[in-house]
A.B. asks: 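This structure is in structure tokens; I'll ask about it shortly.
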Amino acid sequence: MEQALLTRLESAVARLETLAASGSDPSVSSRDLPGAASLDPAISVFEDLVADSLGRVSASAGKIGGQVVDATKILEEAFAALRELLVKAKRFQKPDLAGLAEFLKPLNNVMVKANSLTEGKRSDYFNHLKTVADSLTALAWIGYSGKNCGMSMPIAHVEESWQMAEFYSNKILVEYRNKNPDHIEWVKSLKELYVPGLRDYVKRFYPTGLAWGSVNSASLSSTSITKAPTASIPASPPPPKAPLCSTESVPSRPKEGMSAVFEEISSGKSVTAGLRKVTNDMKTKNRADRSGAVAATEKRGHTSSFSNNSKASPKFELQMGRKWSVENQIGNKNLIIDDCDSKQSVYIFGCKDSVLQVKGKVNNITLDKCTKVGIVFMDVVAACEIVNCNGVEVQCQVEHSLPQQYLHTLKNGEFTTAPVSHSGA
């Protein structure tokens with residue numbers, strides 16, 4: 001690196017001596033000389049980055065060939081355009097939005113050219129072309145002009161742009177992992193060109209944006225290229241991508257939350273202009289009805305509506321030939337199921353002050369949300385379940401399997417068991 005820098009310095013000195021001997025115009029600044037750019041550390045480091053990292057990308061592309069070489073050449077054109085803009089910016093003052101768009105036009109044209117490779121029918125190297133096209137947006141960091149320009153800071157912009165391109169580069173790594181190492185080398189060298197290569201370069205020399213010339217420098221608009229006279233030439237179609245910098249001002253986002261409140265207060269407008277004034281008779285302390293009690297009619301209305309919704313019609317039926325449903329029975333002590341078999345089940349729900357007799361063997365019996373209900377059954381195959389009940393009495397009459405019958409009673413969440421006499425069986 002030191003030898004290359006020394007060579008460039010000697011070349012610059014040789015050019016200066018040649019110009020001095022030929023008697024050139026003394027009004028020409030040394031900054032305008034072609035060799036003076038090499039004396040700028042930012043330009044020399046950028047040239048080293050291109051020669052080292054971009055050179056490895058080009059070498060890997062040469063091994064692959066095809067459209068990968070074409071895309072890599074466009075990549076070289078983009079970095080060459082960026083170098084020219086870096087050199088040119090130091091000779092001019094910071095332009096307005098229109099001048100900045102014209103200044104960035106050479107770089108934008110190269111990006112449009114890269115995007116055109118990805119259009120049309122997809123080729124075998126589509127992921128390569130897309131990686132290059134998306135990665136070139138990282139060079140747009142040079143268009144950063146401030147917080148309200150709609151872009152991230154230069155360092156963050158480079159990282160975000162590569163993350164977008166990395167989506168397609170990862171596809172290349174997966175596709176050629178065990179096939180062709182040249183593609184893997186191309187992807188890795190391309191990533192090193194941007195991260196950490198270009199990112200660290202921007203972080204070192206341009207962390208807050210492009211460095212423009214001093215106040216005494218020429219204005220970019222006054223030295224811009226003169227437009228050719230208009231002729232009757234048909235208009236060309238617009239490029240597929242928008243320019244790097246728009247001539248329209250970027251609208252600021254509306255403030256939200258407390259920022260909007262403080263802005264409204266500081267504007268001098270009355271925030272409470274649309275509010276009604278509270279008189280003394282409207283204040284709570286001066287009102288006569290301060291008890292806060294709810295009217296009796298309103299309370300009765302809510303109660304009646306709840307009671308009407310809670311009522312349900314009683315049910316006592318065999319469903320689908322498999323399930324006996326006994327629901328919402330109140331005060332009915334003569335419920336009897338006599339035609340049943342061991343494949344049927346009995347479900348008792350929402351009953352109160354009722355008694356059910358099951359004269360036969362069933363599969364299972366379930367009592368759910370019942371109060372003061374008694375059930376007498378002969379036998380069950382599975383079990384008799386009691387869920388969310390209170391004051392329930394259960395009697396099982398199985399003479400062939402038990403020497404003694406027992407009465408099981410559930411009161412206040414506790415079971416009590418008492419023997420039952422066989423005299424009534």
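Atom set for the values below is all heavy atoms of this structure, side chains included, hydrogens, waters and symmetry mates excluded.
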A.B. asks: When you measure from the centre of the six-membered ring of F349, is the NZ or CZ of K369 closer than 6.0 Å and no more than 45° off the axis?
C.D. replies: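 Ring-cation test returns no.
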
A.B. asks: Nearest 0.5 Å please: distance from the CD1 atom of I330 over to the NZ atom of K352.
C.D. replies: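 One gets 7.0 Å once the value is rounded to the nearest 0.5 Å.
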
A.B. asks: Given side chains that start at C-beta, do those of S60 and D182 come closer than 4.5 Å, heavy atoms only?
C.D. replies: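 No, too far: nothing below the 4.5 Å cut-off.
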
A.B. asks: Within a radius of less than 6.0 Å around NZ of K333, do more than 12 heavy atoms belonging to other residues, nucleotides or ligands occur?
C.D. replies: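 Result for NZ/K333: enclosed.
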
A.B. asks: Work out which heavy atom in N332 is nearest to a heavy atom in S354; give both atom names and the distance.
C.D. replies: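 Heavy atoms only, the tightest pair is O-CB, 2.9 Å.
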
A.B. asks: To the closest 0.5 Å, what do you measure between CD (Q329) and CG (L356)?
C.D. replies: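 One gets 9.0 Å once the value is rounded to the nearest 0.5 Å.
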
A.B. asks: Would you say that L82 contacts I142 through its side chain, given a criterion of any heavy-atom pair below 4.5 Å between the two side chains?
C.D. replies: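 Yes - at least one pair of side-chain heavy atoms lies under 4.5 Å apart.
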
A.B. asks: Taking A114's backbone N and O only, do any of them form a donor-acceptor pair with T118's side chain (distance below 3.5 Å, no angle check)?
C.D. replies: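 Between the backbone of A114 and the side chain of T118 there is no qualifying donor-acceptor contact (under 3.5 Å).
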
A.B. asks: Decide yes or no on side chain to side chain contact (heavy atoms under 4.5 Å, CB included) for Y206 and L86, but give the supporting numbers first.
C.D. replies: CA-CA 10 Å; Y206 306 101; L86 294 176; 3.9 Å; yes

A.B. asks: Compute the centroid of each ring, for W212 and then for F92, and state whether the two points are separated by less than 6.0 Å.
C.D. replies: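 No.
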
A.B. asks: Do the side chains of E393 and K372 get close enough for a salt bridge, i.e. N-O under 4.0 angstrom?
C.D. replies: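 Between K372 and E393 there is no salt bridge, as every charged N stays at least 4.0 Å from the carboxylate O atoms.
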
A.B. asks: Over all heavy atoms of both residues, which pair between S135 and V132 is shortest? Give the atoms and the distance, please.
C.D. replies: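 Taking every non-hydrogen atom into account, OG-O, 2.8 Å.
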
A.B. asks: Could you go step by step and tell me if V380 and N364 meet the side chain to side chain contact (heavy atoms under 4.5 Å, CB included) rule?
C.D. replies: CA-CA 6 Å; V380 292; N364 69 294; 5.7 Å; no

A.B. asks: Using distance only, find each side-chain donor-acceptor pair of residues 156-163 under 3.5 Å and give its atom names and separation, not counting sequence neighbours.
C.D. replies:
{"unit_1": "H157", "atom_1": "NE2", "unit_2": "T137", "atom_2": "O", "d": "2.7"}
{"unit_1": "E160", "atom_1": "OE1", "unit_2": "S152", "atom_2": "OG", "d": "3.2"}
{"unit_1": "E160", "atom_1": "OE2", "unit_2": "S152", "atom_2": "OG", "d": "3.4"}
{"unit_1": "S161", "atom_1": "OG", "unit_2": "T137", "atom_2": "OG1", "d": "3.4"}
{"unit_1": "S161", "atom_1": "OG", "unit_2": "H157", "atom_2": "O", "d": "2.8"}

A.B. asks: Would you say the side-chain atoms of S189 pair up with the backbone N or O of W186, donor to acceptor, closer than 3.5 Å?
C.D. replies: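 At least one qualifying donor-acceptor pair exists.
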
A.B. asks: Tell me whether the NZ or CZ atom of R204 lies within the 45° cone about the ring axis of Y201 and under 6.0 Å from its centre.
C.D. replies: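 Geometry flag: not set, cation outside 6.0 Å or 45°.
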
A.B. asks: Identify the two heavy atoms, one from D353 and one from V373, that lie closest to each other, and give their separation to 0.1 Å.
C.D. replies: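 Minimum heavy-atom contact is N-CG2, 4.3 Å.
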
A.B. asks: Quick one: does any side-chain atom of K94 pair with a main-chain N or O of S145 as donor and acceptor, under 3.5 Å?
C.D. replies: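 Checking the backbone N and O of S145 against the side chain of K94, a donor-acceptor pair under 3.5 Å is found.
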
A.B. asks: Could D52 and R56 be called an ion pair, given the rule that one side-chain N must be under 4.0 Å from one carboxylate O?
C.D. replies: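 R56 and D52: salt-bridged.
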
A.B. asks: If I compare all heavy atoms of W324 with all of D339, which pair ends up nearest, and what's the gap?
C.D. replies: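 Nearest pair, atom of W324 first, then D339: CZ2-O, 3.4 Å.
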
A.B. asks: When you measure from the side chain of Q357 to the backbone of F377, do you find a donor-acceptor pair of N or O atoms at a distance under 3.5 Å?
C.D. replies: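 Not confirmed, Q357 side chain does not pair with F377 backbone.
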
A.B. asks: Please set out all donor-acceptor pairs under 3.5 angstrom arising from side-chain atoms of residues 166-176, sequence neighbours excluded.
C.D. replies:
{"unit_1": "E166", "atom_1": "OE2", "unit_2": "K191", "atom_2": "NZ", "d": "3.3"}
{"unit_1": "S169", "atom_1": "OG", "unit_2": "E166", "atom_2": "O", "d": "3.0"}
{"unit_1": "N170", "atom_1": "ND2", "unit_2": "E166", "atom_2": "O", "d": "3.2"}

A.B. asks: Tell me the closest heavy-atom pair linking V394 and C384, and the distance in Å.
C.D. replies: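 Reported closest heavy-atom pair: CG1-SG, 4.1 Å.
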
A.B. asks: Using the rule given for side chain to side chain donor-acceptor pair (under 3.5 Å), can you reason through S123 versus Q67, listing the C-alpha separation, both sets of side-chain angles and the distance that settles it, and then say yes or no?
C.D. replies: CA-CA 9 Å; S123 64; Q67 290 182 315; 2.6 Å; yes

A.B. asks: Check whether any side-chain heavy atom of W141 sits under 4.5 Å from a side-chain heavy atom of M153, and report yes or no.
C.D. replies: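 No, their side chains stay 4.5 Å or more apart.
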
A.B. asks: Can you tell me if N328 uses its side chain to pair, donor with acceptor, with the backbone of S313 under 3.5 Å?
C.D. replies: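 Flag set: sc N328 to bb S313 pair under 3.5 Å.
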
A.B. asks: Between K90 and D40, is there a side-chain N and carboxylate O pair less than 4.0 Å apart?
C.D. replies: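 Result for this pair is yes, salt bridge flagged.
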
A.B. asks: Write down the atom of P154, the atom of P207, and the distance for their closest heavy-atom approach.
C.D. replies: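 Taking every non-hydrogen atom into account, CD-O, 3.6 Å.
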
A.B. asks: To the nearest 0.5 Å, how far apart are OG in S325 and CD in E317?
C.D. replies: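 Reported to 0.5 Å precision, the distance equals 6.0 Å.
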
